[in-house]
Amino acid sequence: MLLKLYEKNNNPQDLQQIVDILNDGGLIIYPTDTMYAIGCHGLKERAIERICRIKEIDPRKNNLSIICYDLSSISEYAKVDNNTFKLMKRNLPGAFTFILNGTTRLPKIFRNRKEVGIRMPDNAIIQEIARILDAPIMTTTLPHEEHEDMEYCTDPELINEKFGDLVDLVIDGGIGGTESSTIVDCTNGEAEIVRQGKGWLNEG
């Protein structure tokens, strides 16, 4: 199912429908400030396992990431020291994934790695959904073969054609981007850029 949403003034029933899908363990595809992503309720292990199967990723070997609505909710799911908090405050919302040490609030599937990626995309649609859900959203970019046309990752109608049967809802938030987020590892107390993507880190 394809649902058109906008930066603001969305129908509250549409937003509630999405939140209900997530609360029921469903999967959605949505826009971010980088590329379109696939996600689920971040505390529902079975839904997370479904995404791992679609992406063919092993949660014991790959870091999993969550979208948080605001900085205060991040500290529920990740250990944040003062320096990291200031760094995130300067750069979020934005096109970054901060790798932090996770807390026991996260499901067991995250604890295999002990680390969690934190996203706060600068995108009004997914921010609003995370706010209403009042829980983290597990997030990962759409599966993409190297030889594949990038349009299949940026055009919501083509995304729906390709992935619509695998998920419960595709959100049409306009044409998406092609650049990934910048990954910043903060697990050792120092910020280290592991992958330079769309975001340019302001270290203050």
Side-chain angles (χ1 to χ4, degrees), residues 5-8 10 18 22 27-40 42 51 55 57 62-75 77-78 80-81 83-102 110 113 115-133 135-144 146 148 150-156 158-159 163 170-188 190-204:
L5 288 184
Y6 303 91
E7 289 272 307
K8 51 187 177 192
N10 287 302
I18 296 163
L22 293 169
L27 309 188
I28 63 170
I29 291 174
Y30 47 88
T32 72
D33 53 357
T34 53
M35 305 160 87
Y36 266 83
I38 179 171
C40 66
I51 290 179
K55 278 277 294 223
I57 55 177
N62 296 74
N63 273 334
L64 300 179
S65 294
I66 56 173
I67 288 173
C68 291
Y69 167 63
D70 58 15
L71 284 166
S72 62
S73 60
I74 290 172
S75 56
Y77 306 105
V80 186
D81 60 41
N83 287 344
T84 304
F85 183 83
K86 286 176 190 162
L87 183 68
M88 290 198 296
K89 197 170 182 182
R90 273 197 299 274
N91 291 280
L92 294 176
F96 298 94
T97 302
F98 285 95
I99 308 286
L100 304 173
N101 293 306
F110 283 90
R113 294 276 303 159
E115 294 157 3
V116 60
I118 299 289
R119 286 276 278 128
M120 263 177 68
D122 189 11
N123 176 280
I125 291 171
I126 195 60
Q127 276 184 2
E128 184 70 352
I129 292 164
R131 183 186 68 78
I132 301 168
L133 182 67
I137 296 170
M138 186 253 165
T139 184
T140 180
T141 49
L142 292 174
H144 179 67
E146 274 181 32
E148 224 172 19
M150 274 314 275
E151 271 194 278
Y152 277 101
C153 290
T154 59
D155 183 322
L158 292 177
I159 290 170
F163 299 108
V170 177
I171 295 170
D172 176 353
I175 296 296
T178 55
E179 264 189 292
S180 48
S181 65
T182 293
I183 298 177
V184 187
D185 188 339
C186 297
T187 51
N188 297 318
E190 296 287 321
E192 182 194 347
I193 294 173
V194 181
R195 177 185 77 193
Q196 181 62 56
K198 185 180 174 189
W200 290 92
L201 194 67
N202 171 8
E203 300 198 45

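- Scanning both residues, Met138 and Ile51, for their nearest heavy atoms gives SD-CD1, 3.8 Å.
- Interatomic distance, CD of Gln127 versus OH of Tyr69, reported as 7.0 Å (0.5 Å rounding).
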Stepwise side chain to side chain contact (heavy atoms under 4.5 Å, CB included) check, Ile129 with Leu22: CA-CA 10 Å; Ile129 292 164; Leu22 293 169; 3.9 Å; yes
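- The structure places CG of Leu100 at 9.5 Å from CD of Glu115, a figure rounded to the nearest 0.5 Å.
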Derivation of the side chain to side chain contact (heavy atoms under 4.5 Å, CB included) call for Phe163 and Ile38: CA-CA 10 Å; Phe163 299 108; Ile38 179 171; over 6 Å; no
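- Residue Cys153 comes nearest to Pro143 through the heavy atom pair SG-O, 4.5 Å, listed as atom of the first residue, atom of the second, then distance.
- Distance NZ/Lys89 to CD1/Ile74: 12.0 Å, rounded to 0.5 Å.
- The two atoms that bring Cys68 and Tyr77 nearest to each other are SG-CD1, 4.3 Å, heavy atoms only.
- No donor-acceptor distance shorter than 3.5 angstrom exists from the side chain of Asn188 to the backbone of Glu190, with no hydrogens or angles considered.
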Trace of the side chain to side chain contact (heavy atoms under 4.5 Å, CB included) decision for Ile175 with Asp155: CA-CA 5 Å; Ile175 296 296; Asp155 183 322; 4.1 Å; yes
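- The side-chain heavy atoms of Ile66 and Ile118, taken from C-beta on, include a pair separated by under 4.5 Å.
- No side-chain donor-acceptor contact under 3.5 Å links Arg195 to the backbone of Ile183.
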Test log, rule side chain to side chain contact (heavy atoms under 4.5 Å, CB included), inputs Thr182 and Leu201: CA-CA 8 Å; Thr182 293; Leu201 194 67; 5.6 Å; no
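- With contacts defined as side-chain heavy-atom distances shorter than 4.5 Å, the pair Phe98/Val80 does not qualify.
- Here the side chains of Leu142 and Ile159 are in contact, with some heavy-atom distance below 4.5 Å.
- No side-chain N or O of Thr34 forms a donor-acceptor pair with one of Lys198 less than 3.5 Å apart.
- Atom CG of Asp81 and atom NZ of Lys86 lie 9.5 Å apart (nearest 0.5 Å).
- Here the OG1 atom belonging to Thr84 is positioned 12.5 Å from the CD1 atom belonging to Ile99, to the nearest 0.5 angstrom.
- Counting all heavy atoms, side chain and backbone alike, Ile29 lies closest to Tyr36 at CG2-CD2, 4.0 Å.
- Inter-residue side-chain proximity for Thr178 and His144 is flagged as unmet; no heavy-atom pair is nearer than 4.5 Å.
- Not a single donor-acceptor pair under 3.5 Å links the side chain of Asn202 to the backbone N or O of Asn91.
- We find the CD1-CH2 distance between Ile193 and Trp200 to be 8.0 Å, quoted to the nearest 0.5 Å.
- In terms of heavy atoms, Asp122 sits closest to Pro93 at CA-CB, 3.8 Å.
- For the pair Thr32 and Pro121, the tightest heavy-atom approach, listed with the atom from each and the gap, is CB-CB, 4.1 Å.
- Counting heavy atoms from C-beta outward, Tyr30 and Ile18 have side chains that stay 4.5 Å or more apart.
- With hydrogens and angles ignored, the 3.5 Å screen pairs a side-chain donor or acceptor of Asp33 with a backbone N or O of Ala95.
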